[in-house]
Amino acid sequence: MLRTIIDAFKVPELRNKILFTLGILALYRFGAYVPVPGIPFNEFANAFASSGVSMTMLDLFTGGALSHFSVFSLGIMPYITASIIMQLMQGVIPAVGRWSKEGETGRKKITQVTRFLTLGLGLINAIGYLFLFKSSQYGVVFSSEVPEIVTDIIVVFTLVAGTAFIMWMGELITQRGIGNGMSLIIFTSIISRVPSAIFSSVNLQADMGMGIVITVIIVAIVLLCIPAIIFVERAQRRIPVNYAKRVQGRRMMGGQSTYIPLKVNAAGVIPIIFASCLIYFPAQLAALFNVGWLTAAANAMSTGWINWLLTLGLVVFFAYFYTSMVFNPEETSDNLRKQGGFIPGVRPGSATTDYIKRVINRITLPGGLFIALIAVVPSILFYFTGNQLIQAFGGTSILIMIGVALDTMSKIESQLKMHNYEGFFK
């Protein structure tokens, strides 16, 4: 991996993309510490420190921006929620489903609707946070130098503008940088909490020496788990494919053997992200309406056995759902038939389609259960120990970090291969 990064910096075009990506991420981290106008920083920090578990988890995905009530307090969550809605709508609304099959034109339409939906969700969340922090639960008093309604409008406008700016930065990274911009922003938000979590873990015990030992043990366990996670992320079920011989002009074509690679975890970290958004969506509703029973329900869903069961079920569900969205057995079977390919021992047509579906269903279940357990087990340990390092290095966090890191490295390697091929042909 280090060799790949060194080689990447030797290519001027690729080096510029990497530096551009790092610059945008640095700008994002800077914005996470710029408070909205009129916020009493110290008073708000003290009030937020006594907030519930649901707000703490929301703060994790914003990289600490919410605890500072910065311009990026809403984070990337409105965009992810909007993306989930649009993914679901593809199977519910026929027009959206047709857009997904129209190639680049349809993708642009879906992207445009996702942007507007993100701003709408951001507006709802911004108003909710404003009312929540002004309620008796927090009692934060904003600047009184201007009328209250003016301050409220400024705060809401700043938060929505921050969401739009994050969305713009993510798209810039995707278009002009390296990797998926939205995923890298989540990666940056999570990893930025690691240093403070290590410091908190060391000082959690009365004896600092014992705290250091526990912290080292946790880090060692995480490092040992990384190879297993990478192994499952890269695991494939290869379906053999043979091509029949045919005469084309004066040449004999076909007769080759290849395979269809099906990943055990084809959905990657998407099920974790989708499940996290849905589980912590009640916390966002609680912030909007500030109702006692809703806040209690949000806290219950954010920790404890309810959270564990929901995470387990939703991760497996979204693993199947997203795999069915990105891989179409009917289309694969049809393409094989048109190209003269067949799976040994399986008849072309509907039998091939059914066979591919059965294989996908069999390999998706262990893949989904694996990432679900990786997400749930650290949550259980954190529940009983209260060690924030476990939360920072939790299953959701570590899967997102590893998945995004692997995806980004794959894109860097593909860029290097393109550069090498260009040099060869020149």
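One is the number of the first residue; the rest follow in order along the sequence.
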For this session: Apply side-chain contact (heavy atoms from CB on, under 4.5 Å) to E171 and T111, showing your working.
Result: CA-CA 10 Å; E171 293 180 354; T111 301; 4.1 Å; yes
Hey, could you give me the [atom1]/[atom2] distance between [X] and [Y], rounded to the nearest 0.5 Å?
| X | Y | atom1 | atom2 | answer |
| --- | --- | --- | --- | --- |
| N180 | K411 | CG | NZ | 6.5 Å |
| T114 | I85 | OG1 | CD1 | 9.5 Å |
| Q112 | W99 | CD | CH2 | 10.0 Å |
| T353 | R358 | OG1 | CZ | 10.5 Å |
| I166 | Y79 | CD1 | OH | 12.5 Å |
| T158 | F165 | OG1 | CZ | 13.5 Å |

Where [X] and [Y] come nearest, the two heavy atoms and their spacing:
| X | Y | result |
| --- | --- | --- |
| E330 | K357 | OE2-NZ, 2.9 Å |
| L184 | T408 | CD2-OG1, 3.6 Å |
| A164 | L119 | CB-CD2, 3.7 Å |
| G368 | A319 | CA-CB, 4.0 Å |
| V264 | Q236 | CG2-N, 4.3 Å |
| I360 | P329 | CD1-CG, 4.1 Å |

Exercise. Passes side-chain contact (heavy atoms from CB on, under 4.5 Å), F20 versus N16? Steps please.
Worked result: CA-CA 6 Å; F20 178 82; N16 292 337; over 6 Å; no
4.5 Å side-chain heavy-atom contact, [X] and [Y]:
| X | Y | value |
| --- | --- | --- |
| P78 | N125 | yes |
| F69 | V155 | yes |
| L74 | L121 | no |
| L130 | L159 | no |

For this session: Check whether more than 12 heavy atoms from other residues, nucleotides or ligands sit under 6.0 Å from atom CZ of R15, and answer yes or no.
Result: yes
For this session: Mark yes or no for whether T174, through its side chain, and G181, through its backbone, hold a donor-acceptor pair below 3.5 Å.
Result: yes
Exercise. Within the side chain of Y320, is there an N or O that forms a donor-acceptor pair under 3.5 Å with the backbone of N361?
Worked result: yes
Exercise. Once the angle between the rings of F321 and F317 is folded into 0 to 90°, is it parallel (under 30°), tilted (30 to 60°) or perpendicular (over 60°)?
Worked result: parallel
Problem set entry | Verdict with supporting geometry, Y355 and I239, side-chain contact (heavy atoms from CB on, under 4.5 Å) | CA-CA 10 Å; Y355 177 80; I239 299 178; 3.9 Å; yes
For this session: Test S333 against T352 for side-chain hydrogen bond (donor to acceptor under 3.5 Å, both in side chains), laying out the working first.
Result: CA-CA 6 Å; S333 175; T352 299; 4.5 Å; no
Exercise. Can I80 and M182 be said to form a side-chain contact (heavy atoms from CB on, under 4.5 Å), step by step?
Worked result: CA-CA 8 Å; I80 295 176; M182 302 305 174; 5.9 Å; no
